[in-house]
Protein chains: 2
Amino acid sequence: MKKHILIYGLTGGLLIAVLRLVEYRFLVVEHSIEIYGSLIAVLFAGLGIWLGLKLTRKKEVVVVKEVPAAAAPFALDEGRLRELGVTRRELEILALIASGMSNREIGEKLFVSENTVKTHSSRLFDKLGAKRRTQAVQLGKELGLIP
Amino acid sequence: MKKHILIYGLTGGLLIAVLRLVEYRFLVVEHSIEIYGSLIAVLFAGLGIWLGLKLTRKKEVVVVKEVPAAAAPFALDEGRLRELGVTRRELEILALIASGMSNREIGEKLFVSENTVKTHSSRLFDKLGAKRRTQAVQLGKELGLIP
DNA sequence: AGCAAAATCACCCGAAAGTATGACGACAGA
DNA sequence: TCTGTCGTCATACTTTCGGGTGATTTTGCT
């Protein structure tokens with residue numbers, strides 16, 4: 001900004017000097033005062049416009065463009081977990097059920113017996129109030145336990 | 001834009017007229033020419049700045065803002081439906097399975113026998129390559145058949 | 001009208017899922 | 001040390017699912 005003021009001042013001073021020289025030649029001429037004024041007017045108008053442009057260059061209109069975010073990261077609702085009394089293991093099994101695995105497959109994946117998976121899922125269904133595994137999956141999603 | 005030019009012209013003319021009047025009083029004064037010039041300079045500089053401001057087209061800066069897309073409207077993938085040969089009824093039943101209903105409940109809701117639901121779901125599983133209803137639900141979601 | 005696809009239903013059978021009950025060890029916290 | 005929770009497993013029983021087959025009716029399209 002200081003640079004602008006400096007340029008402005010210098011231009012003004014220079015103009016005065018130039019006019020001083022010019023003055024002697026044209027002052028005698030009729031209507032020279034109008035020419036003189038016009039000259040200054042044009043020059044300063046141009047300068048003003050230039051300054052105005054410089055000053056407003058930074059005024060930017062921010063346009064917010066909303067883009068559908070790819071995917072909600074999904075955060076496990078820990079609170080709900082305790083609220084319902086669902087244990088880690090049960091949650092783990094719920095996730096596997098949701099992925100479409102059978103009790104046997106889940107048991108193999110977790111290195112436990114199929115019966116264990118059944119007891120876990122049974123207790124899980126109780127806590128969720130589900131009668132079927134498909135319902136448990138649906139409820140689990142609604143409750144924020146699984147993505 | 002025409003308005004601006006008009007204002008500009010009028011201002012200039014008016015100024016000339018005013019100066020004409022003022023001229024007679026100050027022309028006799030020493031250095032009046034500098035005052036005169038300064039006056040014009042200041043006025044036109046101001047005018048120029050104002051014009052500059054007006055003329056400056058405000059730059060639009062597009063800010064891409066990621067917003068957690070309220071809700072993906074979900075559009076049924078009709079193409080996939082035909083591609084897999086899944087019928088409307090089967091799709092309907094898939095949706096009800098996904099909501100956690102039993103075959104019996106689905107039958108009651110659709111006013112058909114449980115057996116009918118079973119045949120529909122059986123054929124559906126074939127087409128989806130699913131062995132269990134939970135898996136069918138999972139696949140259905142991946143394939144864009146259900147939300 | 002006539003064909004093909006879709007929808008409906010039945011019956012059987014085996015597999016998977018779900019319920020109920022009991023039991024045992026590990027581990028944390030009072 | 002005692003208690004409660006969690007995870008593990010088993011057995012027995014009921015219900016639900018899923019597969020296979022066959023059949024009839026509806027419906028959409030030419």
Side-chain angles (χ1 to χ4, degrees), chain A residues 76-143 145-146, chain B residues 76-143 145-146:
Chain A
L76 172 61
D77 191 341
E78 300 271 356
R80 188 95 53 177
L81 224 58
R82 253 163 284 139
E83 180 190 330
L84 296 172
V86 175
T87 70
R88 297 283 151 184
R89 200 55 158 174
E90 287 160 359
L91 177 65
E92 198 178 355
I93 280 166
L94 174 60
L96 295 176
I97 286 175
S99 79
M101 297 175 76
S102 70
N103 287 338
R104 182 180 310 255
E105 288 169 339
I106 294 172
E108 286 169 1
K109 186 178 180 72
L110 299 181
F111 303 108
V112 295
S113 84
E114 186 185 342
N115 286 316
T116 303
V117 176
K118 281 174 148 193
T119 59
H120 278 316
S121 52
S122 246
R123 283 202 280 257
L124 176 67
F125 297 162
D126 267 352
K127 292 169 183 174
L128 292 182
K131 298 194 188 309
R132 284 165 285 285
R133 50 181 38 223
T134 46
Q135 198 178 3
V137 170
Q138 169 68 11
L139 291 168
K141 284 177 191 278
E142 286 176 0
L143 295 170
L145 303 182
I146 47 177
Chain B
L76 172 61
D77 192 340
E78 300 271 358
R80 188 95 53 178
L81 223 59
R82 251 163 286 140
E83 180 189 331
L84 297 172
V86 174
T87 71
R88 297 284 151 183
R89 201 55 159 172
E90 287 161 358
L91 177 64
E92 199 178 355
I93 279 165
L94 174 59
L96 295 176
I97 286 175
S99 79
M101 297 175 77
S102 71
N103 287 338
R104 184 183 308 266
E105 289 169 338
I106 294 173
E108 286 169 1
K109 185 179 181 72
L110 299 181
F111 304 106
V112 296
S113 83
E114 187 185 340
N115 286 316
T116 302
V117 177
K118 283 169 104 180
T119 58
H120 279 315
S121 53
S122 242
R123 283 202 278 256
L124 176 68
F125 297 161
D126 269 350
K127 293 168 182 174
L128 292 182
K131 297 195 188 310
R132 284 164 285 285
R133 54 185 29 227
T134 46
Q135 198 177 2
V137 169
Q138 169 69 10
L139 290 169
K141 283 176 192 279
E142 286 175 1
L143 295 170
L145 304 182
I146 47 177

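In what follows, chains carry the letters A, B, and so on, assigned in the order in which the sequence lines appear, proteins first and then strands, with residues in each chain numbered from 1. Every value quoted in this text rests on a predicted model; they were computed, and no experiment measured them.
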In whole angstrom, what separates [X]'s [atom1] from [N]'s [atom2]?
{"X": "I106(A)", "N": "dA16(C)", "atom1": "CD1", "atom2": "P", "value": "13 Å"}
{"X": "K118(A)", "N": "dG22(C)", "atom1": "NZ", "atom2": "C1'", "value": "16 Å"}
{"X": "R132(A)", "N": "dT14(D)", "atom1": "CZ", "atom2": "C1'", "value": "15 Å"}
{"X": "R133(B)", "N": "dG19(D)", "atom1": "CZ", "atom2": "P", "value": "11 Å"}
{"X": "E114(A)", "N": "dA16(C)", "atom1": "CD", "atom2": "P", "value": "8 Å"}
{"X": "E105(A)", "N": "dA16(C)", "atom1": "CD", "atom2": "P", "value": "9 Å"}
{"X": "N115(B)", "N": "dT16(D)", "atom1": "CG", "atom2": "P", "value": "14 Å"}
{"X": "K131(B)", "N": "dG19(D)", "atom1": "NZ", "atom2": "P", "value": "8 Å"}

Residue pair K118(A), N115(A): steps toward the side-chain contact (heavy atoms from CB on, under 4.5 Å) verdict: CA-CA 5 Å; K118(A) 281 174 148 193; N115(A) 286 316; 4.2 Å; yes
Contact state string [nucleotides 25-30 of chain D, B base, S sugar-phosphate only, - no protein heavy atom under 4.0 Å]: ------
Hey, which of N103(B), L94(B), I93(B) is the one that makes side-chain contact (heavy atoms from CB on, under 4.5 Å) with R133(B)? N103(B)
Determine the sole option in L81(B), D77(B), L128(B) for which the side-chain contact (heavy atoms from CB on, under 4.5 Å) test with L143(B) is passed. L128(B)
Mind checking if S122(A) touches a base, just sugar-phosphate, or nothing, with heavy atoms under 4.0 Å? base
Is N103(A) touching bases, backbone alone, or none of the nucleic acid, heavy atoms closer than 4.0 Å? sugar-phosphate
Give me the atom names and distance for the closest heavy-atom approach of V117(A) to V112(A). CG2-CG2, 4.0 Å
The test is side-chain contact (heavy atoms from CB on, under 4.5 Å); show your working for R89(A) and L110(A) and say whether it passes. CA-CA 10 Å; R89(A) 200 55 158 174; L110(A) 299 181; 3.9 Å; yes
Side-chain donor/acceptor of Q135(A) to backbone N/O of K131(A), under 3.5 Å: yes
Any sub-3.5 Å donor-acceptor pair from K127(B)'s side-chain atoms to V86(B)'s backbone N or O? no
Pairwise side-chain contact, L84(B) with R80(B), heavy-atom cut-off 4.5 Å (strictly under): yes
pair D126(B)-E90(B): side-chain heavy atoms closer than 4.5 Å: no
Grab the N/O contacts between the protein and nucleotides 6-8 of chain C below 3.5 Å, and write none if there aren't any.
{"residue": "dA7(C)", "atom": "OP1", "partner": "R89(B)", "partner atom": "N", "Å": "3.2"}
{"residue": "dA7(C)", "atom": "OP2", "partner": "T87(B)", "partner atom": "OG1", "Å": "2.5"}
{"residue": "dT8(C)", "atom": "OP1", "partner": "R89(B)", "partner atom": "NE", "Å": "3.2"}
{"residue": "dT8(C)", "atom": "OP1", "partner": "R89(B)", "partner atom": "NH2", "Å": "2.6"}
{"residue": "dT8(C)", "atom": "OP2", "partner": "R89(B)", "partner atom": "NE", "Å": "2.8"}
{"residue": "dT8(C)", "atom": "OP2", "partner": "H120(B)", "partner atom": "NE2", "Å": "2.8"}

The side chain of S102(A) is closest to which nucleotide in this list: dA17(C), dC11(C), dC17(D)? dA17(C)
With a cut-off of less than 4.0 Å, is there a side-chain N or O of R104(B) near OP1 or OP2 of dT16(D)? yes
